[in-house]
Amino acid sequence: MNRQKKFILQESEIPTQWYNIMAEMPNKPLPPIHPATRQPLTWQDLAHIFPEECAKQELNQTDAWIPIPEEVLDKYRYYRSTPLVRAYALEEALGTPAHIYFKNESTNPLGSHKVNSALPQCYYAKQEGTTNVTTETGAGQWGAALSYAASVYGLDAAVYQVKISMQQKPYRSSIMRTFGATIEGSPSMSTRAGKDIITRDPMHSGSLGTAISEAIELATTTPNCKYTLGSVLNHVALHQTIIGLEAEKQMALAGEYPDVVIACFGGGSNFGGLAFPFMRHNIKDGRKTEFIAAEPESCPKLTRGRFEYDFGDEAGYTPLLPMFTLGHDFKPANIHAGGLRYHGAGVIVSQLLKDGLMHGVDIPQLETFEAGILFARTEGIIPAPESSHAIAAAIREAKKCKETGQERVILFNLSGHGLIDMTAYDQFINGDLHNYQVTDEDIARNHIGV
Ligand SMILES: *Cc1c(COP(=O)(O)O)cnc(C)c1O
């Protein structure tokens with residue numbers, strides 16, 4: 001029996017193109033539309049705030065393969081390929097006949113998959129003569145990745161971090177400052193939007209909605225400044241396909257092919273990144289792999305949301321996107337998987353879900369921490385609370401295999417490590433964490449669309 005545990009690619013085997021699933025989807029996603037004119041947006045519209053190349057990638061439904069710029073590949077080589085790992089100890093602890101593999105995206109210095117998209121976004125901005133980038137961040141993983149990528153390409157980064165998260169997770173701000181970024185707690189006095197919010201409510205603790213409006217305002221009022229986003233959008237999922245393209249080669253090294261592919265789900269970028277290259281074989285070659293997106297029970301847009309045009313942000317500043325949504329003013333409970341507290345699903349994934357090419361599962365917070373702790377004690381890695389949703393879903397599948405005696409091959413994404421989330425683990429171990437169920441009334445209360 002082959003007991004090889006880790007599968008790693010040579011630098012020369014790292015994929016040199018991203019996979020754009022839009023070109024091969026049976027039904028193409030509907031276009032984003034302008035809320036006032038109701039007209040589909042063009043890439044020129046999007047290029048007012050995003051780097052031009054990202055704006056073009058966002059709407060590209062024709063090219064299945066997009067070359068990764070050499071300058072980005074060069075930076076990917078600092079931490080890629082990431083290991084594909086067979087979780088033998090977890091399998092043994094579960095007593096399952098399933099083969100469990102995980103792709104470990106926690107091994108880069110920033111600790112999550114987000115840097116895979118931060119690097120190209122900053123590279124394209126730099127290429128186009130931009131000197132400054134800005135963004136919002138909640139828990140701080142995206143802000144940290146962007147700060148690093150900006151420093152790599154010599155850009156100034158200004159990050160609006162949700163004020164309450166800044167107080168709860170001070171080390172993420174320290175990471176961003178170490179890479180030279182400027183951090184503002186949002187709402188701040190540095191923008192008009194922020195001043196208006198503070199004038200209305202001096203004690204406002206901030207939200208992604210306030211932070212997005214401040215970052216967009218900065219991008220539109222500062223010369224040579226572009227706005228960047230760490231999830232939800234099509235070009236972000238495109239950049240993340242490096243995960244699945246590597247995993248495909250690594251699974252071949254292991255001599256297996258996944259029957260089930262699982263990732264946690266916030267806006268869909270790490271899910272799409274791992275899943276799309278494998279889903280391609282379902283679409284083109286009649287493979288029957290099952291794709292599962294694991295979301296929190298407290299923010300169940302895939303399992304209980306509606307497919308409608310809705311705003312991407314709480315305040316309603318973004319274009320309208322066709323997506324599964326709980327309503328742009330849905331207020332998720334304060335769970336520790338901060339990266340999964342988002343009301344909507346990305347446009348591509350929403351269409352795939354509608355077409356039955358994938359499905360969602362919703363998982364209670366306590367089950368995710370139990371899964372995270374079992375994973376830590378067996379595989380020796382403390383997972384991010386977000387990633388623990390994927391682990392919990394993989395454990396559910398492995399337990400089903402134990403009941404049926406099926407030897408299925410399960411592949412999940414470990415999107416990040418949890419070493420800056422240890423207060424959450426302390427709270428769980430002390431018995432201070434809870435589940436949060438959402439009632440139908442909670443969902444009905446929110447607004448979808450204009
Ligand atoms: C941001 C984040 C997520 C959720 O974002 P997706 O776009 O859905 O991938 C998941 N895991 C980690 C570690 C994150 O930082």
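Counting starts at 1 for both ligands and their atoms, in listed order.
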Residue-level breakdown please: for V232 versus ligand 1, do any non-hydrogen atoms fall below 4.0 Å on the side chain, on the backbone, on both, or on neither? neither
Under a 4.0 Å heavy-atom limit, does F265 contact ligand 1 with its side chain, its backbone, both, or neither? backbone
Could you check whether K56 makes a cation-pi contact with W43, meaning its NZ or CZ is under 6.0 Å from the centre of the six-membered ring and within 45° of the ring axis? yes
What atoms in ligand 1 come closer than 4.0 Å to a heavy atom of L340? 4 (C)
Heavy-atom proximity to atom 7 (O) of ligand 1 ranks first, among G111, A337, S231, for S231
re atom 13 (C) of ligand 1, the protein heavy-atom contact at minimum distance is S415 OG, 3.5 Å
Return a yes/no value for E386: is any of its N or O atoms, backbone included, closer than 3.5 angstrom to an N or O of ligand 1? no
All heavy atoms of N413 vs all of A263, minimum pair found to be CB-CB, 4.2 Å
Top protein contact for atom 4 (C) of ligand 1, by heavy-atom distance: G339 O, 3.4 Å
State whether E397 and K400 are salt-bridged, where the test is any N-O pair (Lys NZ or Arg NE/NH1/NH2 against Asp/Glu carboxylate O) under 4.0 Å. yes
For atom 8 (O) of ligand 1, which protein heavy atom lies nearest, and how many Å away is it? G266 N, 2.6 Å
Ignoring angles and geometry beyond distance, decide whether G416 reaches within less than 3.5 Å of ligand 1 through its nitrogen or oxygen atoms. no
May I ask you to decide if I448's main-chain N or O and D310's side chain share a donor-acceptor pair within less than 3.5 Å? no
Parallel, tilted or perpendicular: ring planes of F369 versus Y425, cut at 30 and 60 degrees: perpendicular
A side-chain contact here means heavy atoms from C-beta on lying under 4.5 Å apart; do K249 and F7 qualify? no
Residue C264 vicinity, atoms of ligand 1 by number, heavy atom under 4.0 Å: 10 (C), 11 (N)
So, using ring-ring contact (aromatic ring centres under 6.0 Å, His included) as the criterion, who are the partners of Y257 when residues are at least two apart? F278
Quick check: S387 and ligand 1, any N/O pair under 3.5 Å apart? no
Would you confirm whether Q250, through its side chain, and T82, through its main-chain N or O, come within 3.5 Å as a donor-acceptor pair? yes
Check each of K114, E105, R341 against atom 14 (C) of ligand 1 and report the one with the nearest heavy atom. K114
Is a side-chain N or O of E379 found less than 3.5 angstrom from the main chain of A89, in a donor-acceptor match? yes
Number the atoms of ligand 1 from 1 as they appear, then name those within less than 4.0 Å of a heavy atom of H113, with their elements. 2 (C), 3 (C), 9 (O), 10 (C), 11 (N), 12 (C), 14 (C)
